[in-house]
Amino acid sequence: MNKYILTKRQVVNELSTFYSFLLGFLIALMIGSIILLIQDKNPFDTFSLMFKLSIGSVNSLSSSLNKATPLILAGLGIAIINTVKLWNIGAEGQIFMGAIAVNLIYINFQLTNSTSFIFVLLVSAFIGGAFCILIPAITKVLFGVNEIITTLLTNYIVIGLTIYLVNGPWKDPGSLNFPAAAYVGKEVYLPTIFGKLSYGFLICILFTVFAHYLKNSSVFGYEMRIAGGSEMTAIYAGINAKQKAFFAMLIGGGFAGLAGGVELLSQTHRVSTGISQGFGYTAIIVAAITGMRPIGIFLVGSLFGALSIGGSVIQTIGVSTYIADIIQASTLFGALVIQFFFNYKLKRADDG
Amino acid sequence: MRRSWAVGLIIISILTMACGGAADVDDYKAAFVYLGSANDGGWTQAHDEGRQYLVEETGIETAFTEDVPPDATEFRTVAEAYIEQGYNIIFGTTFGYLDIMEEMALEYPDVTFLHCSGYKSNDSNYTNYFGKIYEARYLSGLAAGSLTESNKIGYVAAFPIPEVIRGINAFANGVKEVNPNATVEVVWTNTWFGPEEETQAANALLEAGADVLTQHQDSASTGIAAEAAGAKWIGYHTGYGKEAAPNAFVTAPVWNWGPLYTEMVNAVINDEFTTTPYWTGMSGNVVDLFEVSDDVSSDIKTLIEDRKQEIIDGTFEIFEGSSDGDLLGMSYFVDNVVGTLD
C-alpha cells in the first residue's frame, strides 16, 4: 500500500506567490469559461468585452483603479498588522470609521485653504481607522484577547454607528429622509489626475511604497518581524513585542481608515451605508493571496478593482454578475491551493 | 448573384438615407438599471414587465442590470458601460440614483436619463417619473378597514420618505372612511428589500394584535408571515402575492409601467421629449388595484369600484385641498396612523 506524506520544500522559489497567483487566475478563467459555455455565452466575447470595459479605455481604466484604491489601502494595513503575525478582520469597520472621522471634522471645522483642509481630513481618516482598532489592540496586548474575534466584532459596531448617524444626527434634511449624511462641499473633493483617475490612487502608490519600506527596510519593520516571530527572540533582542504589536495594529487600522476617507472624498462624497461594498473583506483576500507583500497587494488589488468593474459591466451584455464573483473566488482558491504545492511536496511514505 | 447583392445594397442605402433625420427606433437603445432582481415578485419585476411591454410596443433594443445598490459609484460604472455600448436612454428605478443621474446627465448631454420616484430634473435630458400608487393604496385601505376585527392594521414600511408616508396616509384615509375606530400601526424596516427585516416587522405587528397587514416593501415576506398567523394581507407591486400567500392575500396596489415607458421612449424618439416630470395615476393607467378577493363584502367591492371611477374622473380627492407639491413633500401622518416619523 502506498502512503503519501507532505513535506516542506527546502528551497522555495521567491516568485512562487506570483506564479501561483497567475496559475490560479488561469484556472479561474477556465472555470468562468465553462460556466459561460453552460449559459450559451461565448467566453472569448464575454471576457474581451469585460476587458475592454474595465481597462480598455482611459475612462474605464481610471474607474478600475479608483475601485482598487480602497482595496489596496486596506490590504496594506492588513499586511502591516500581519508582520507581527496578527490578523485584522476589522478593515471594513475601519473604512467606515475613516469616513465618519472625515465627516465629523468636516462639519465641525472649516479651513479656507482647501488643500490643507483635504490634508487635515485625510489625517483624520487615518486617525479614525486607528481609533477603530484601539480596543482590539489594547485587549490584545494587555489580556491576549484573540484579535480575529475583536476586530470582526468592531465591524458590526461601526456599521451600526453609521446606520444610527445617517438615520439620526447626520441625516441630510435635503435628502427627504433618505438615510445618508449631507454631501461634503466640492472644495474638499479629491481632484483627478487625468480622466476620472482620482488623486486617491496617487496616495495609494505612496502608501504602497511606504508600507513596503516599513515592512522590509525599516528598523521598526525588522523589530515587528522579530516580535511576530518568537517571543524568546524578541526578549533576547531587547524588543518590546507587545509595544510593536500595538503600534502595528494602530498603523494598519489607520491605513484602512484612510481608505474610507479617500473613498468618501473621491467617490461617494457623503457618509452612507454604501461607503464600502465589502472592501474590507475583499482586502483580506487580496492581502492573503499575495503573501502580505505590499507590491503584490498593489498589483492584485488593481486587478481585483478591474474584476469588480468587469463584474458590474458584464451584466450589461446579459451575463450574470455572479460569474465575476465566481472568477474572483476561484482565483483565490486556485492561488492558495497552488501556493501550497509550491511550498510542500507530496512524497511516497515508503521512499524513506 | 453578386450584382443582385449590389443592387440590394444600393436600394437599402437609398432607403436608409431617405429615412435619415426622421424618427427611427433603431437609433435608440434603452438600458434599465435595477435595484433588485428582475424576478423579485415586486418592485423590480413590475419595472421589468414594463420593459418587456416597451420592447413589444416599440421594438427598441433594451438591456438591464440587476442588484445595483443606491450608491453613486456602482450606478456610474454600469451606466457608463451602457453608454459606451451605444445606449442612449437610461432608466434608473430607485430613489437613491437621484443625484448620480443628475450629475451624469450633465456629463452626457446626448443621453436621456429617466429616474423613477425622485424629484429632480434639468431642462434638457433628465427628468423623473412616478405613478400615483397612493390612489390604489387608498382603495386597498377601504378593503383593509372593512376586514379588521381587532381594529389594528399593521403597515410594514421601508423608509420615512414622502413617497412612503403619502402611501400610508392614503391607505389610512381609506381605512377611516369605512372604519373610524381602526388605527394603522407603522413599523420601519430601513430597507426596501430585506426579507428578514420585513418578517421581523410583520411578526412584531401581528404580536401587537394586528389582524390585517400591508406593506411598502419589495418582498412577499409580510404576506408569508400573515399567512402563517391566519391574518389578512394586502400586497404591493404585483399580483404575485396571490401565489406567495394564497389565504392571506386580499388585493394589492399594482404598477403598470409599460404604457408610461412606451410613452416616454416614443417622446424621445420623436424628439418631443420634455423634462416635465411624469406623474400620473389611475387615470393614466400606470397604477391599479389587483382583483379584490372574496374576503371583502360585495358592498365594499362596490364602494371600491365607485371610488376608483371617481378618482379616474377627477371628482374625488384623497387628500382634500393638497397640491402636487404638498403631496410630493408630505412629512406628517394623518390622525389614525400610529408611528414615528424618524
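Because only heavy atoms are used, hydrogens play no part in the values below, and waters and symmetry mates are left out as well, while side chains stay in.
Using a 4.5 Å cut-off between heavy atoms, B:A63 contacts chain A through its side chain alone, with no backbone atom that close. Looking at B:E163, there are no atoms closer than 4.5 Å to chain A (heavy atoms on both sides), in backbone or side chain. For A:I163, no part sits under 4.5 Å from any heavy atom of chain B, backbone or side chain. With a 4.5 angstrom heavy-atom cutoff, A:S54 does not touch chain B via any of its atoms. The contact between B:E107 and chain A is made entirely by side chain atoms (from C-beta outward), counting heavy-atom distances below 4.5 Å. For A:S63, the part sitting under 4.5 Å from any heavy atom of chain B is the side chain, from C-beta outward, and nothing else. A:N66 does not touch chain B: none of its heavy atoms, backbone or side chain, sits under 4.5 Å away.
Classification of the B:H47-B:Y129 ring pair by plane angle, with boundaries at 30° and 60°, yields perpendicular. The aromatic rings of B:Y134 and B:W279 lie tilted to each other, with the angle between the two planes from 30° to 60°.
B:K120 has no carboxylate O lying under 4.0 Å from a charged side-chain N of B:E103, or vice versa, which leaves the two without a salt bridge. A salt bridge does not link B:E135 to B:R166: none of the charged side-chain nitrogens sits closer than 4.0 Å to a carboxylate oxygen.
The distance between the ring centers of B:Y155 and B:F171 falls below 6.0 angstrom.
B:Y236 carries B:R137 over the face of its six-membered ring, with the cationic atom under 6.0 Å from the centre and within 45° of the normal.
Among the candidates A:V313, A:T316, A:T273, A:L49, the residue making the largest number of heavy-atom pairs closer than 4.5 Å to chain B is A:T316.
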